There are 2 protein chains.
Amino acid sequence: MKRTKKERQRLLTETIEDNPFVTDEQLASQFGVSVQTIRLDRMELSIPELRERIKGVAAQNYENEVKSLPLDEVIGEIIDIELDQRALSIFDVKEEHVFQRNGIARGHHLFAQANSLAVAVINDELALTVKSNVVFVKPVKAGDRVITKATVRGKNSEKNRTYIEVVSTVNNETVFKGEFEMYHTKGSGDNHEASN
Amino acid sequence: MKRTKKERQRLLTETIEDNPFVTDEQLASQFGVSVQTIRLDRMELSIPELRERIKGVAAQNYENEVKSLPLDEVIGEIIDIELDQRALSIFDVKEEHVFQRNGIARGHHLFAQANSLAVAVINDELALTVKSNVVFVKPVKAGDRVITKATVRGKNSEKNRTYIEVVSTVNNETVFKGEFEMYHTKGSGDNHEASN
DNA sequence: CTGGTATTAGTACCAAGTGCTAAAAAAACT
DNA sequence: AGTTTTTTTAGCACTTGGTACTAATACCAG
């Protein structure tokens, strides 16, 4: 199993990336070297110790959490909102959002951004999507910053519906547009159950 | 600042929930009690120590990560597929897919399942969604198993389009349906760029 | 054989704890 | 007030998963 130092370090990096929860001891036995060697390797590669790694992962998660909870679980980041009028969000397309094959964003991410923005713009405890028509106008690639704007186009108070138009652009070019019909529970704080 | 033990423990729980990265020492000075008291409190409330808390947060994150990667390929699990004809997938709705407020699944997850099934059923290297009309017929809750069926309804070879109908059911009741117009690159391995 | 790199060993020390015992202090009865 | 109970504090040994540092080997090349 013994290979060069370089090879071991390559594998080490990989292993830790793969599972940041592994201890030096486990790594040592896995590579058939001493714990000290692993430590030296980590130093050279400037890989932090287990706890720091875990803390890092946790901190990331935590940031995401505090970012997504107050925003009521929105895909993308809301940068401007006028309830019952319009809302704006940005969403940075990353590698994980695209087809590996061609680097084009998967449709459901754009839909998700639009849909959650439509939910957010509604001035109510909760809103559900009833219907939507969407058009994927132009492919979106990794690295693109998608700016999505939701505009309330109409309301039907009797039916508790709001009609929203959503347009997403990248560099001022429309990449996605859609209409959303949303159901909501009218009065804020109203505990009305969604129509079952 | 001194209140009863109960009150302190209530606040303690809150504080830790709010920021799991806080040490006993910090808590002690914050509440003006000794570290030991904090430890006792944690025992009684069965709140784990800092490192375990952090590990927990990190593990969650990690799960999400490894969950969202395959989640990138296809949302839901494909259980049957006849290329260019039909496909069937199941998707178990979990807590993380619903609005906390009312336990109803967020629309984009259902859309994602439908959309990725539409992509999958197409017998081509790649397919992109051009348009879709969807209807959220009935709320879906955590714990529901959504069975989604995609059926190819038509093709337009000149325009490289395929029209797909998708219906999702829970316990044989329709919860979602949609039509998807898909663009694809006909020949397999064709490196044709999507209309730019 | 002599250098230089690589590896291993060993020690002291740290953070943030657990587990346990014991003693004070405060609160609650009777 | 006197006693019992609860709550709080203190102290010590021990644990994990390390860091920092020193020193000894091992190995490989010229």
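Treat the numbers as computed from the prediction; the structure is a model and nothing was measured. Chain naming here is simple, since letters A, B, ... match the order of the sequence lines and numbering starts at 1 in each.
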OP1, OP2 of C:dT8 versus side-chain N and O of A:Thr37: anything below 4.0 Å?
yes
As a quick check of understanding, evaluate salt bridge (Lys or Arg N to Asp or Glu O under 4.0 Å) for B:Lys5 and B:Glu44, giving each step before the final call.
CA-CA 11 Å; B:Lys5 182 180 173 183; B:Glu44 284 178 29; 3.0 Å; yes
Rounded to whole angstroms, how far apart are CE on A:Met43 and P on C:dT5?
19 Å
d(NZ, A:Lys55; P, C:dG17) in whole Å:
10 Å
Given C:dA16, D:dT8, D:dG18, which nucleotide is nearest the side-chain atoms of B:Glu49?
C:dA16
Between A:Val22 and A:Gln36, which has a closest nucleotide on DNA chain D that is more 5'?
A:Val22
When rounded to whole Å, the CD1 to C1' distance for the pair A:Ile38 and D:dT19 reads 16 Å
Between C1' on D:dT16 and CZ on A:Arg53, what's the gap in Å once rounded to a whole number?
14 Å
Output the rounded distance in Å from CD1 (A:Ile54) to C1' (C:dG17).
15 Å
Counting side-chain heavy atoms from C-beta on, which of D:dT9, C:dT18, C:dT7 comes nearest to A:Leu40?
C:dT7
B:Glu49 and B:Arg53: CA distance, side-chain angles, deciding distance, salt bridge (Lys or Arg N to Asp or Glu O under 4.0 Å) verdict
CA-CA 6 Å; B:Glu49 63 164 294; B:Arg53 291 192 308 259; over 6 Å; no
Spacing of A:Leu27 atom CG relative to D:dG17 atom P, expressed in whole Å:
12 Å
Could you check whether atom CZ of B:Arg145 has more than 12 heavy atoms from other residues, nucleotides or ligands sitting under 6.0 Å from it?
no
Distance, rounded to the nearest Å, where A:Lys5 contributes NZ and C:dT8 contributes P:
12 Å
Earlier contact from the 5' end, DNA chain D, for B:Arg51 and B:Gln9:
B:Gln9
From the set D:dG17, C:dA9, C:dT18, return the single nucleotide nearest to any side-chain atom of B:Arg39.
C:dT18
For A:Glu25 and D:dT16, what is the distance between atoms CD and P respectively, to the nearest whole Å?
9 Å
Aromatic plane relationship, B:Phe180 with B:Phe111 - under 30° parallel, 30 to 60° tilted, over 60° perpendicular:
tilted
Audit row: B:Ser89, B:Gln113, side chain to side chain donor-acceptor pair (under 3.5 Å) steps and yes/no
CA-CA 8 Å; B:Ser89 81; B:Gln113 185 188 10; 3.0 Å; yes
C:dT8, C:dA16, D:dG18: which one has an atom nearest the side-chain heavy atoms of B:Leu50?
C:dA16
